[in-house]
S.K.: 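My structure is below; once you've seen it, I'll send some questions.
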Amino acid sequence: MRFSSLFVLLIIVSCAPIYVNHDYEKGTDFSKYKTYNYYDNINTGLSDFDAKRLFSALDEALHTKGFQMSTSPDFYIDIKSSERQSMKRNSVGVGVGGSGSHVGGGVSVGIPIGQPNIDRKIQFDFVDENGIGLFWQAISESTFKPNDDPESKEMAFKAIVDKVLKKFPPNQ
C-alpha cells in the first residue's frame, strides 16, 4: 500500500509541476520556533474538504520536522489561495502556403486541444505575533483538477506541502 501511494505521488509530481517561491526575513533566528498554530479566522479560499486535506498534510510535514501544534504557539500560519484559468499550450497547427516565381505567403492557425488548465496559487505566511511579524513565506503554483478523486487531491496537497516546506527553515 505504501509503495503504491509513493508511486501515485511520483506520478502526480512528475505530471503536474509545482513551482514554489520562498522568502524570509533576513536575520531571523529560526531555532527559536518550535510550536505553531493556525489563525482562528483563516480563510483559505479552498473548499472545506480541500482545506482539511491541506491542513492535514501541513501538520504531518511540520511534525516530521519537529514542530508541535500549541494553543500558545511561537508562530501562526495564515494560508490564502486563488485559482485562475489558463489556456492550454497544446494546439494543432493548420497551415496553407504557396509560392510563385517571386511571391510567397502562408497562413497558420493554432487550434487549442482540450479544456483550459486551472492553476492554483497557495500562499503560506508564517507570522511571529510576539516579535518580528511575518518572518517566512512560500507561494506555490500548480495545476488543479477539481474533478479528481479525494485520494488524488490528498496526494497533490502532500506534494505541494513537501515542496513548500523543503526550504523551511532556510539554511542561512
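One-based numbering along the sequence shown.
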S.K.: What's the verdict on side chain to side chain contact (heavy atoms under 4.5 Å, CB included) for D162 and F157, showing C-alpha distance, side-chain angles and the deciding distance?
M.R.: CA-CA 8 Å; D162 286 347; F157 281 117; over 6 Å; no
S.K.: Whether the side chain of S140 engages the backbone of I160 through a donor-acceptor N/O pair (distance < 3.5 Å, no angle test) should be reported.
M.R.: no
S.K.: I'd like to check the side chain to side chain donor-acceptor pair (under 3.5 Å) partners of E60; sequence neighbours left out, ordered by chain and number.
M.R.: none
S.K.: Nearest heavy-atom pair of V20 and A138: which atoms, and what distance?
M.R.: CG1-CB, 4.2 Å
S.K.: Answer yes or no: is there a side-chain heavy-atom contact under 4.5 Å between I122 and I139?
M.R.: no
S.K.: By salt bridge (charged side-chain N to carboxylate O under 4.0 Å, His left out), which residues pair with E141, not counting sequence neighbours?
M.R.: none
S.K.: Can you list the residues that meet the salt bridge (charged side-chain N to carboxylate O under 4.0 Å, His left out) rule with K52, with sequence neighbours excluded?
M.R.: none
S.K.: Applying ring-ring contact (aromatic ring centres under 6.0 Å, His included), name anything that partners F55, two or more places apart in sequence or on another chain.
M.R.: Y38
S.K.: Check the orientation of H63 and Y36. Use parallel for under 30°, tilted for 30 to 60°, and perpendicular for over 60°.
M.R.: tilted
S.K.: Assess whether side chain to side chain contact (heavy atoms under 4.5 Å, CB included) is satisfied between T28 and I132, documenting all intermediate values.
M.R.: CA-CA 8 Å; T28 301; I132 60 174; 3.4 Å; yes
S.K.: So which atom in T35 and which in P73 form the shortest heavy-atom distance, rounded to 0.1 Å?
M.R.: OG1-CA, 3.3 Å
S.K.: Under the 3.5 angstrom rule, does the side chain of K153 hit a backbone N or O of P146 as a donor-acceptor pair?
M.R.: yes
S.K.: Are any of the side-chain heavy atoms of D78 and K80 separated by less than 4.5 Å?
M.R.: yes
S.K.: Between D23 and Q137, do the side chains contain a donor N or O and an acceptor N or O under 3.5 Å apart?
M.R.: no
S.K.: Between Q123 and I79, is any pair of side-chain heavy atoms under 4.5 Å apart?
M.R.: no
S.K.: Say you draw a straight line from CG of D148 to CD of E154; how long is it, rounded to the nearest 0.5 Å?
M.R.: 12.5 Å
S.K.: Which is it for L165 and L58 under the side chain to side chain contact (heavy atoms under 4.5 Å, CB included) test, yes or no, and what are the steps along the way?
M.R.: CA-CA 9 Å; L165 291 181; L58 195 53; 3.8 Å; yes
S.K.: Any idea which heavy atoms bring V161 and A61 closest together, and the distance?
M.R.: CG1-CB, 3.6 Å
S.K.: Are F75 and Y33 close enough that their ring centres sit under 6.0 Å apart?
M.R.: yes
S.K.: Return yes if some donor-acceptor pair links the side-chain N/O of K163 with the main-chain N/O of I18 below 3.5 Å, else return no.
M.R.: yes
S.K.: Is a side-chain donor-acceptor pair under 3.5 Å present for D149 with S152?
M.R.: yes
S.K.: Using the side chain to side chain contact (heavy atoms under 4.5 Å, CB included) criterion, which residues pair with E83? Sequence neighbours excluded.
M.R.: I118, R120, F144
S.K.: Evaluate the criterion side chain to side chain contact (heavy atoms under 4.5 Å, CB included) for residue pair M69 and D59; output intermediate values, then yes/no.
M.R.: CA-CA 8 Å; M69 186 176 280; D59 288 339; 3.5 Å; yes
S.K.: How would you list all residue pairs meeting salt bridge (Lys or Arg N to Asp or Glu O under 4.0 Å) that involve residues 126-137, not counting sequence neighbours?
M.R.: K32-D128
S.K.: How many angstroms lie between OH in Y24 and CZ in F126, if you round to the nearest 0.5 Å?
M.R.: 15.0 Å
S.K.: Using the ring-ring contact (aromatic ring centres under 6.0 Å, His included) criterion, which residues pair with Y76? Sequence neighbours excluded.
M.R.: Y39
S.K.: Just jot down the side chain to side chain contact (heavy atoms under 4.5 Å, CB included) partners of K166, sequence neighbours excluded, or say none.
M.R.: none
S.K.: Using the six-membered ring wherever Trp is involved, compare the ring planes of F135 and F168 and label them parallel, tilted or perpendicular (cut-offs 30° and 60°).
M.R.: tilted
S.K.: Strictly by salt bridge (Lys or Arg N to Asp or Glu O under 4.0 Å), give each pair with a member in residues 65-75 just once, sequence neighbours left out.
M.R.: none
S.K.: May I ask whether L54 and F49 are part of the same hydrophobic cluster, defined by side-chain heavy atoms of I, L, V, M, F, W, Y residues being less than 4.5 angstrom apart, directly or through others?
M.R.: no
S.K.: Taking only residues two or more places apart in sequence, or in another chain, which ones meet D48 in a side chain to side chain contact (heavy atoms under 4.5 Å, CB included)?
M.R.: none
S.K.: Any side-chain donor-acceptor pair under 3.5 Å between Y19 and D119?
M.R.: no
S.K.: Could you tell me which residues satisfy salt bridge (charged side-chain N to carboxylate O under 4.0 Å, His left out) with R53, sequence neighbours excluded, listed by chain and number?
M.R.: D50
S.K.: Which residues satisfy the ring-ring contact (aromatic ring centres under 6.0 Å, His included) test with H22, sequence neighbours excluded?
M.R.: W136
